[in-house]
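What follows is one structure encoded as structure tokens, with my remarks underneath.
Nothing fancy with the numbering, it's 1 onward along the sequence.
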Amino acid sequence: MRIKAETGLCVGSGQCVLTEPAVFDQDDDGIVALLTDHPDDQSAAQVRHAVTLCPSRALSILRDA
């Protein structure tokens with residue numbers, strides 16, 4: 001699993017950070033910042049949930065080839 005964050009779409013709601021703070025953070029402007037773009041298996045369910053919660057659809061999950 002790989003995560004993609006479109007920072008230009010992010011509105012800074014912080015739902016991702018609240019859902020999985022081991023993977024998501026926010027910069028000084030409140031825009032999403034990835035702590036890793038390849039979360040471990042332990043974080044996978046929470047990452048998927050965070051992606052569904054994103055109000056601006058700035059987050060997506062890409063499958064590794």
Side-chain angles (χ1 to χ4, degrees):
M1 167 191 295
R2 186 165 61 97
I3 307 166
K4 182 177 180 182
E6 296 284 345
T7 56
L9 296 176
C10 181
V11 296
S13 74
Q15 294 302 306
C16 55
V17 179
L18 293 171
T19 304
E20 187 50 83
V23 175
F24 302 102
D25 199 359
Q26 289 176 292
D27 67 14
D28 291 339
D29 295 321
I31 302 301
V32 65
L34 295 177
L35 300 176
T36 180
D37 63 349
H38 285 87
D40 59 28
D41 291 339
Q42 194 172 12
S43 298
Q46 287 300 98
V47 167
R48 284 187 190 95
H49 186 58
V51 169
T52 65
L53 292 175
C54 182
S56 64
R57 301 195 187 269
L59 302 173
S60 57
I61 296 174
L62 307 171
R63 299 184 193 275
D64 288 327

Hey, could you give me the [atom1]/[atom2] distance between [X] and [Y], rounded to the nearest 0.5 Å?
| X | Y | atom1 | atom2 | value |
| --- | --- | --- | --- | --- |
| Leu9 | Ile31 | CG | CD1 | 10.0 Å |
| Leu35 | Glu20 | CG | CD | 9.5 Å |
| Met1 | Asp37 | CE | CG | 12.0 Å |
| Leu62 | His38 | CG | NE2 | 9.0 Å |
| Ile3 | Ile61 | CD1 | CD1 | 6.5 Å |
| Leu59 | Leu34 | CG | CG | 7.0 Å |

Would you list the pairs meeting salt bridge (charged side-chain N to carboxylate O under 4.0 Å, His left out) in which at least one residue belongs to residues 42-52, sequence neighbours left out?
none
If we ignore hydrogens and angles and just use 3.5 Å, is the side chain of Asp27 paired with the main-chain N or O of Asp29 as donor and acceptor?
yes
Can you name the nearest heavy-atom pair linking Ala50 to Phe24, along with the distance?
CB-CE1, 3.7 Å
